[in-house]
Amino acid sequence: MNTELKLNNKRTILVGFAFFLICLFWQAYDSIIPLILTNKFGLAQTWSGVVMALDNVLALFLLPLFGAISDRCASKFGRRTPFIVIGTVVAVVAFISLSFIDNVQLTKVENVTPDKYESSLSIIYDANPEISKPEKATDGLSIGEAIADIFSGEMKQPLQQLYPDRDAFLSIEMSSEDYTNYVVPARSAYAWQQTVAGPSTLVFFVILLLVVLVSMGIFRSPAVALMPDVTPKPLRSKANAIINLMGTFGGICVLILGKVFGTGNAENAMMSYAGFCSVCGGLMLIALGIFVLTVRETKWAAEADKLSAEAGIDDSEPSQDGGRSLSRGEKKSLLLILASVALWFMGYNAVTSKYSVYASNVLEMDYNMTLLIAQAAAVVSYIPIGIISSKIGRKKAIMAGVVMLTAAFGFASFLRSDSSVIVMNILFALAGVAWATINVNSYPMVVELARGGNVGKYTGYYYTASMAAQVLTPILSGVLLDIRFTTLFPYATIFVALAFVTMLFVKHGDSRPDAKQTVLDAVGGAD
């Protein structure tokens, strides 16, 4: 007997609160951790990239492991919920604690004197002979004193005019190149000196960071696998659009908080993040509370299985050997999809993990605003993406998204501090739409090849591919950024473009284009 299936939008939104808090955390993490590592501890971009890759190294093992473990969990609260609750609580406590370790390091570097910065500048000149040592700025004021004034709150007009003497107007012209060549390296060199003198703070920071990352790794796969558990196959692309929309809202919350706290302002490079982290942690706990009080995982999963059976959908348990037997063609398509996932994450994560640093040093702008534009564009595009996906299928929609993302990153390679703000906003909006198009359709293509009993396992495959890419890309992009800051977007463009090639050969996991009766029914594509 065939029964028409309709998505329960309310339930999907409630399930989406788990993804909301996940995306909220990662947006906060990617925004401030690179800044802490480079500004407070003085790590080079390469070593900052190594630390940023730690979560992805752990994820390579944790996500498939806990995805499979949750498949076999027999808790009365469901297979996924216990992992979500425990992981979130531990992550919030550890993340807020990170900000206090950051404050300890801040006390070592915030009281900067001109002579200490002059010493740091000497390191820069010795390491980079091609950089010419600047002359005295004005009236005997050294460049070291000028730099010190920037970060002691005496900056009257950021980067262009400094007001080092409250009683006499002394201006120093400083171009963006001067800022990048002198201010940023001098600050990092001095911070690194303090880190070497007292490395225990960095050691404690990294240890606590590992606690945060392990706790997030415990529940990410179970949280994502929950949606397919409670959603019949033909509705998963649509449900995934709503889930991604919830995740986007989580990211937007962090970016708004970033504007409120000023985390993206150049003059706040040495700020305390305790308030920012505490508010982010509080929002995560609120989202978790809503999830726990409203989601009935066991009941909803059983109802989804019943609806699938009534609709004649084969979503039976896997074979006795623990896995679904895929045909040769399905295996090939699965590997190609996972390769595509790895390639576009190589490009996209390079930008997300380094953009806060790039925006400050190259574009000289608040990274929160441009990322807000990208997120807002993604939000308003979900329904149009769903309509288009329902007509052309998942594969073609993804390939269109890859083309758009390649174009956005390619043109962004030419942006500088004097580039048109309108052009910047258009490119970031295009990137937001492109990433939404890819995300809505890619994960359902992977779990389309799964059965009801091993969705967590296939979710682990998806995240293994994405995390493997994210292990490598912060390090590789960091090496290039240490050589030249402007390599970031060309690097991202190349890898995203390669994903188009691998997607060309995918033959399975696609949706079958089908006419929908309503706009809501079209959201997220069709099966």
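For reference, positions follow the sequence shown, starting with 1.
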Would you find a donor on one side and an acceptor on the other, under 3.5 Å apart, between the side chain of Ser333 and the backbone of Lys507?
yes
With sequence neighbours excluded, tell me which residues meet ring-ring contact (aromatic ring centres under 6.0 Å, His included) with Phe66.
none
I need the Gln105 CD to Asp102 CG distance, nearest 0.5 Å.
8.0 Å
Are the side chain of Lys395 and the backbone of Leu504 linked by a donor-acceptor contact shorter than 3.5 Å?
yes
Spatial distance of atom OG (Ser31) from atom OH (Tyr273) [nearest 0.5 Å]
9.5 Å
Thr195 side-chain N/O to Phe41 backbone N/O, donor-acceptor pair under 3.5 Å:
yes
Could you check Leu98 against Cys277 for side-chain contact (heavy atoms from CB on, under 4.5 Å), going step by step and ending with a plain yes or no?
CA-CA 8 Å; Leu98 269 180; Cys277 291; 6.0 Å; no
Taking side chain as C-beta onward, heavy atoms only, is Thr201 less than 4.5 Å from Ile101?
yes
If every non-hydrogen atom of Thr12 is compared with every non-hydrogen atom of Ala239, which pair is closest and at what distance?
CG2-O, 3.7 Å
Ignoring hydrogens and geometry, is there a side-chain-to-backbone donor-acceptor pair from Thr473 to Ala469 under 3.5 Å?
no
Under 3.5 Å: donor-acceptor pair, side chain of Arg394, backbone of Gly509:
yes
Does Tyr462 form a side-chain contact (heavy atoms from CB on, under 4.5 Å) with Ser442? I'd like the steps, not just the answer.
CA-CA 9 Å; Tyr462 174 86; Ser442 56; 3.5 Å; yes
Check the pair Leu257, Leu283 against side-chain contact (heavy atoms from CB on, under 4.5 Å), reporting the backbone distance first and the verdict last.
CA-CA 11 Å; Leu257 286 175; Leu283 289 176; 3.8 Å; yes
Suppose we screen for ring-ring contact (aromatic ring centres under 6.0 Å, His included). Which residues come up paired with Tyr355, at least two apart in sequence or across chains?
Phe428
Distance from Phe409 atom CZ to Ile494 atom CD1, nearest 0.5 Å?
13.0 Å
Okay, side chain of Lys40, backbone of Met271: is any donor-acceptor separation there less than 3.5 Å?
yes
Scanning both residues in full, the closest heavy-atom pair of Pro490 with Thr486 reads CD-O, 3.4 Å
Compute the ring centroids of Phe489 and Tyr358, then answer whether they are less than 6.0 Å apart.
yes
Does Arg484, at its CZ atom, have more than 12 non-hydrogen atoms belonging to other residues, nucleotides or ligands within less than 6.0 Å?
no
Is there a side-chain contact (heavy atoms from CB on, under 4.5 Å) between Ile36 and Phe205 once you walk through the steps?
CA-CA 10 Å; Ile36 292 174; Phe205 186 86; 3.8 Å; yes
Within the 4.5 Å heavy-atom criterion, are Thr437 and Ser381 side-chain neighbours or not?
no
Any idea how Tyr491 and Phe495 line up, ring-wise: parallel (<30°), tilted (30 to 60°), or perpendicular (>60°)?
tilted
Do Cys253 and Phe20 touch side chain to side chain, with heavy atoms closer than 4.5 Å?
yes
In short, Ala225 meets Tyr443 closest at the heavy-atom pair CA-OH, 3.8 Å
Point-to-point distance, once rounded to the nearest 0.5 Å, from NZ of Lys332 to CG of Leu334:
13.0 Å
State the OG-CD1 distance between Ser420 and Ile426, to the nearest 0.5 angstrom.
7.5 Å
Contact check, side chains of Ile33 and Leu209, non-hydrogen atoms, under 4.5 Å:
yes
Where Ala18 and Ala223 come nearest, the two heavy atoms and their spacing:
CB-CB, 4.1 Å
For atom CH2 of Trp47, decide whether the heavy atoms of other residues, nucleotides or ligands shown that lie under 6.0 angstrom number more than 12.
no
Would you say Thr231's side chain and Pro228's backbone share a donor-acceptor pair under 3.5 angstrom?
no
Determine whether Met216 and Leu58 make a side-chain contact, defined as any pair of heavy atoms from C-beta on separated by less than 4.5 Å.
no
As an exercise, state the distance from CD1 of Ile398 to CG of Leu405, rounded to the nearest 0.5 Å.
12.5 Å
Check: Gly410 main-chain N/O paired with Thr493 side-chain donor or acceptor under 3.5 Å:
yes
Heavy atoms, side chains only, cut-off 4.5 Å: are Phe19 and Ile242 in contact?
no
Who pairs with Phe249 by ring-ring contact (aromatic ring centres under 6.0 Å, His included), at least two apart in sequence or on another chain?
none
If you compare all heavy atoms of Leu213 against all heavy atoms of Leu62, which two are closest, and at what distance to 0.1 Å?
O-CD1, 4.4 Å
Between Trp192 and Gly42, what is the shortest heavy-atom contact and its length?
CB-O, 3.6 Å
Could you tell me whether the side chain of Val212 reaches within less than 4.5 Å of the side chain of Phe25, counting heavy atoms only?
yes
Is there side-chain contact between Leu21 and Phe291, with at least one heavy-atom pair below 4.5 Å?
no
Can you tell me if Gln27 uses its side chain to pair, donor with acceptor, with the backbone of Val254 under 3.5 Å?
no
